[in-house]
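Remarks on the structure that follows.
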Amino acid sequence: MALSGIQIYKLLPQTNCKECGFPTCLAFAMKLAAKQIELSSCPYVSETSKTQLAESSAPPIRMISIKAGEFEVKAGNEIVLFRHDKTFYNRPGLFIQVDDSQSLDQITASVKTADAFSVNYVGIDLKVDGFAVRSSSGSPAQFAAAVKAVRQGTKRPLVLISADAKVMAEGLKVLAGEAPLICGANSANWEAFADLAKQANTSLAVSGASLDELADLAEKLKGKGLENLVLDPASKNLAEELAQNTQIRRLAVKKNFRNLGFPVLAHPKSAAAAAQAIAKYAGFVILEQFSPDFVYPLLVLRQNIYTDPQKPIQITPGLYEINAPGPESPVLVTTNFSITYFSVANEVEGSGLPAWLLVTDAEGMSVLTAWAAGKFDAERIAKAVKTFNVASKVSKKRIVLPGHVAVLSGELEGELADWEVRVGPREAVDLPAFMKQALK
Amino acid sequence: MPVEIPKDNWPGVVRKVTLGATAADGGTRSKTITVGGEKTLPFLAFEGPMPHRPVVAVEIKDTPPEDWSSVLLKAWGDAIQSPAAWAKAAEAAGADLIVLALSVTLKNGQPNTPAAAVEAVKSVLAATGLPLAVFGPGQAELDNSLMVAIAEATKGEKLLLGVCEDKNYRTIVATAMANGHLVTARTPMDVNLAKQLNILIHDMGFPLDRVIMDPTTGALGYGIEYGYSAMERLRLAGLQGDAMTQLPMLITPGFEAWKTKESKVGEDVPAAWGDWEKRAINWEILTASTLLQSCADILVLRHPESVQQIKAAIEELMSAA
C-alpha cells in the first residue's frame, strides 16, 4: 500500500535544504506520494528510510511468474477484495495435474491432449496454462522420469509437487533453464527447499496449517533471500479455504502485511471448490484431472470474473455481414454487448443462412438489460438503421427484433414506416430454426 | 508471531424471512424454511454469524416444458407429466423448497386459467410438505389473474409469490398482503433498481420481512459477472446499514444456465465443449456455486445432480459456523 505524503515526510531529513528543487521537504514528500519524482533527488535521505520507502511502493501482493520458454503464467498484483471496487487483474493460472505413479506413456498422452485443448469463447481462444507433476511414488528417479514425460507432451510452464527435497532435486534437473513453481516448503523441510529454489531459480510454494505458520515460514524464507513465494494454505474444507483466502487477501491489501503478500495456490476437489477458487482469490489453480466438459466452463468463469467491470466488453456498432447476405436477406437486430453479439453471430453463421446483423449501440449491454435501462428502444434501432444506411443494402425491407423486446415492435413500425417488423426468438440458440421456418 | 486477523464489524444485518407455514401457524407445510439473518459476507464464521444456511429450491412446471434441454427431461423422466409427481421427485432429489413456475399455456394449448393454476398449486401442496414458491408465466395480466386466485385459495400458507417487477407489482403485493403470503421482487442486475423496487413494495405497507429480492443474473458465459457484482454490492450496502437492501436474495442459476447453448445443444457443437450431459450440469453447478459466493440465500436449480452438489458445497461451507 502506498504511503501518504505525510507518512513519507516523516521519513525524510526535514531540513528543507531545497537541493531537491522543492521549497520544503513536505512539498517533496507530496510529489513522491504522487509518484511525480524519484526519491534519488534527495541527497540526504537515510538508508533506513530508503528501504522503507522502497517497500511501501511495492504492490501488496507480489507478482509471481512461472515460466517455460515462451510461455509465462503470472499471478498477483491484485489490489482489491471485490471486483466492483476496481477489477481483478491477473487471471489465475489453470494447471492440470499428473501423478508419477501413472505410466510414462499415459502421462505424455494425457498431457498432449490437454495441451492441445483450445476452445473459443467470444472470440478468445481459451487454453489451460500448464501442468503440475505430483510425486506419490517418493522415488527421485521415477519423479524425474514423469517430469520428462510431461515435458515431452507440452512446452507450457510446470509446477512440481513433492515435500521431499531429494525427489524435488531430481525433478528440477529435467527443467534446467526454466522457472517452474516448486511445491513445496513446509515447517520441516523449508531450509532444504530454500536452497533448491535458490539454486534452480524457481518460485517456491509454502504450506502451513495456519496463517501464523504460513507467515512465519514466509518470513524465514525471505530471510534466506527468497522473494518469489506462493502460499499454499492446507485448508481442511471449503469453509476454511474461503476464510483463509479472504484473510490473506485482506491482510495483504488492507494492512500491507508483507509476509502474506503472495498469490495463493488452490487444489479444488469439486466443481464448487473450483468456482470458489476462481471467485475468491486463488492465484494458481491445480486440477486433478482434465476433462473438456469441466475445463471449458471453468475457463469461461475465470474469464467472466476477471473482466474489468468498468469496461463492458463491447463490439463496434454497425451492420455486419454473415454468410454473404444479399438484398433479399433479412436484417436481424441485436445490441453491442459482445456476449450477445457472439451468441447471435455464431448461431446465424452456423445456420448457413445469409443475414445482415445490425448491431446497435446499447452501451455494451445485453438485450434485456439495455431495454430495461432505456438504451435499446425503437428510436435507437431506427437511428441505427439510418446511420448504417441499411435501406441501401436491401430490397426486401424486413427487420427482426429479439423476442425479449417484442414489446417494441409497434413503436418500431411507427419509426420505420416502409419496413416489415418481425419478432424473432428470445434466445440466440433458436435463431436458425426461426430463420428456416419464419424467414423463408 | 500470531497474525492479527482483520475483521469487518458491520452495522447492518440481513432480515430473516420465513417461507411456509405449519399447521400451528395456519398452514399445512410439514416444515418451514428461514433464510437471512447474516451479519457477515457469506460463510465467514470468523467474522460474524450466518444463522441460516442458503437453501436449494427445485424449479418444476405445471405443464411439461417444451423448451427444456433433453438432459433435464431425461433426469426427471415421467415426473414432468404432473406437477405433483414432479414436486415429489424434487423433494426426493433433496430440494429444500419447491418453485412452481406456471406456463402461459396448458397442456391442451389453451391459455392458462386461474382455476387450472389453483389446481396445480393445490396438487403440489398435497404432494409435498416443503414450502412452496409460485411464479407466474411472466405476462403481467395473466400473472396477476393467476396469482390473485392462488393467493386466495391458499390463504395462510405463506407461499412465496412472484414475480413482482417495477412495471407490475401492485396486484401481487396486495393479494400477498391480504392472504398472508410473501413476494419476490425481481430487477435486472442493478443495485439501485433493486433498492427502488423494495421501497415501492414497502411503501404499499407490505412488511419487508416477507420480501425476498431477486437481483437476477446471467448464466456463466452470458453475463454472470454483472449479476455477481450487483449481488455483492447489494449485500455490502445492506451490511453497511441500508435497510432497503437488507433482504435475502433468491437467484435462478437453473433457469439461466439451462437456456444457454452449452446446455441445450448436443450436436454440431465444437468437440472442445466435451460431453454434453456433463458439460450442461457443470454449467449449472458452476453458475450456482459462483453465486453462492456472491451472497445468494435461495438458489433455484433444475437438475438433480446440481442439487446434490450445491447442497454438499453449502454443507461444507457452513461447517465452520
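In the text below, chain A, chain B and the rest are named by the order of the sequence lines, each starting its count at 1.
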- line: So, the part of A/Val429 with a heavy atom under 4.5 Å from chain B: the answer is side chain
field: Top contributor to chain B contacts, counting heavy-atom pairs under 4.5 Å, from A/Leu126, A/Val119, A/Leu242
entry: A/Leu242
- prompt: Is it the backbone or the side chain of A/Asn259 that comes under 4.5 Å from a heavy atom of chain B, or both, or neither?
  reply: neither
field: A/Pro292 versus B/Ala272, closest heavy-atom pair with distance
entry: CB-O, 3.4 Å
Atom pair CG/OG1 of B/Leu193 and A/Thr369 - distance to nearest 0.5 Å: 10.0 Å
- request: Check whether A/Ser366 gets within reach of chain B through its side chain, its backbone, both or neither, counting any heavy atom under 4.5 Å.
  value: neither
message: Less than 4.5 Å to any heavy atom of chain B: does that hold for the side chain of A/Ile248, its backbone, both, or neither?
response: neither
query: Can you tell which of B/Ser229, B/Ala313, B/Pro188 has the highest number of heavy-atom pairs within less than 4.5 Å of chain A?
result: B/Ser229
query: Are more than 12 heavy atoms from other residues, nucleotides or ligands located less than 6.0 Å from atom NZ of A/Lys222?
result: yes
- prompt: Given the options B/Glu262, B/Lys7, B/Glu277, B/Glu4, which has more heavy-atom pairs under 4.5 Å with chain A than any of the others?
  reply: B/Glu262
statement: Under 4.5 Å to a heavy atom of chain B? For A/Leu238 that would be both
- request: Verify the neighbour count for atom CD of B/Gln240: are there more than 12 heavy atoms of other residues, nucleotides or ligands below 6.0 Å?
  value: yes
Side chain / backbone / both / neither for B/Phe46 at chain A, heavy atoms under 4.5 Å: side chain
task: For chain A, find which of B/Thr290, B/Thr287, B/Leu220, B/Asp166 contributes the most heavy-atom pairs closer than 4.5 angstrom.
output: B/Leu220
- prompt: Going by heavy atoms in the side chains, are A/Arg250 and B/Pro6 under 4.5 Å from each other?
  reply: yes
- request: Would you give the length of the straight line joining atom CG of A/Leu368 to atom CE of B/Met189, rounded to the nearest 0.5 angstrom?
  value: 8.5 Å
message: Report which part of B/Asp190 has an atom under 4.5 Å of a heavy atom belonging to chain A: side chain, backbone, both, or neither.
response: neither
- prompt: A/Glu213 versus chain B, heavy atoms under 4.5 Å apart: side chain, backbone, both or neither?
  reply: neither
message: I'd like to know which of B/Glu47, B/Gln309, B/Lys167 tops the heavy-atom pair count under 4.5 Å against chain A.
response: B/Glu47
task: Evaluate the side chain to side chain contact (heavy atoms under 4.5 Å, CB included) criterion for residues A/Asn237 and B/Glu315: first the C-alpha distance (whole Å), next the side-chain angles of each, then the deciding distance (0.1 Å), finally the verdict.
output: CA-CA 10 Å; A/Asn237 57 39; B/Glu315 192 72 25; over 6 Å; no
message: Is A/Ala372 close to chain B through its backbone or its side chain, or both, or neither, when contacts mean heavy atoms under 4.5 Å?
response: side chain
message: Please classify the contact of A/Phe294 with chain B as side chain, backbone, both or neither, using a heavy-atom distance under 4.5 Å.
response: both
message: With chain A as the partner, which of B/Phe43, B/Trp273, B/Trp276 has the greatest number of non-hydrogen pairs under 4.5 Å?
response: B/Trp273
Part of A/Ser210 lying under 4.5 Å from any heavy atom of chain B: neither
Atom NZ of A/Lys220: over 12 foreign heavy atoms under 6.0 Å: yes
message: For the CG atom on A/Asp125, are there more than 12 heavy atoms of other groups (residues, nucleotides or ligands in this structure) within a distance under 6.0 Å?
response: yes
task: Report the option among B/Leu44, B/Ile285, B/Leu286 that has the most heavy-atom pairs separated by less than 4.5 Å from atoms of chain A.
output: B/Leu286
message: Return the CG to CG distance between A/Leu81 and B/Asp8, rounded to the nearest 0.5 Å.
response: 8.0 Å
- request: Go through the steps to decide whether B/Gln293 and A/Ile278 satisfy the test side chain to side chain contact (heavy atoms under 4.5 Å, CB included), and finish with yes or no.
  value: CA-CA 10 Å; B/Gln293 300 293 339; A/Ile278 300 283; over 6 Å; no
- prompt: Considering only heavy atoms, which portion of A/Leu251 lies under 4.5 Å from any heavy atom of chain B: side chain, backbone, both, or neither?
  reply: both
Check ion pair B/Glu316-A/Lys236 (N to O, under 4.0 angstrom): no
- request: Could you tell me whether B/Glu232 and A/Lys280 make a salt bridge, using a distance below 4.0 angstrom between a side-chain N and a carboxylate O?
  value: yes
- prompt: Shortest non-hydrogen contact from B/Asn282 to A/Pro297?
  reply: CB-CG, 4.1 Å
- prompt: Under 3.5 Å, is there a donor-acceptor pair between the A/Tyr306 and B/Glu225 side chains?
  reply: no
message: Using 30° and 60° as the class boundaries, would you call the ring planes of A/Phe337 and B/Tyr226 parallel, tilted or perpendicular?
response: perpendicular
query: Is the shortest distance from a Lys or Arg side-chain nitrogen in B/Lys261 or A/Glu427 to a carboxylate oxygen in the other one below 4.0 Å?
result: no
- prompt: Would you say A/His84 and B/Leu236 make side-chain contact, with heavy atoms under 4.5 Å?
  reply: yes
- prompt: How close do B/Gly221 and A/Tyr121 get, heavy atom to heavy atom, and via which atoms?
  reply: O-OH, 2.9 Å
Per-residue contact mode, B/Leu292 against chain A (heavy atom under 4.5 angstrom): neither
- prompt: Looking at the rings of A/Tyr296 and B/Trp283, which for Trp means the six-membered one, are their centres under 6.0 Å apart?
  reply: yes
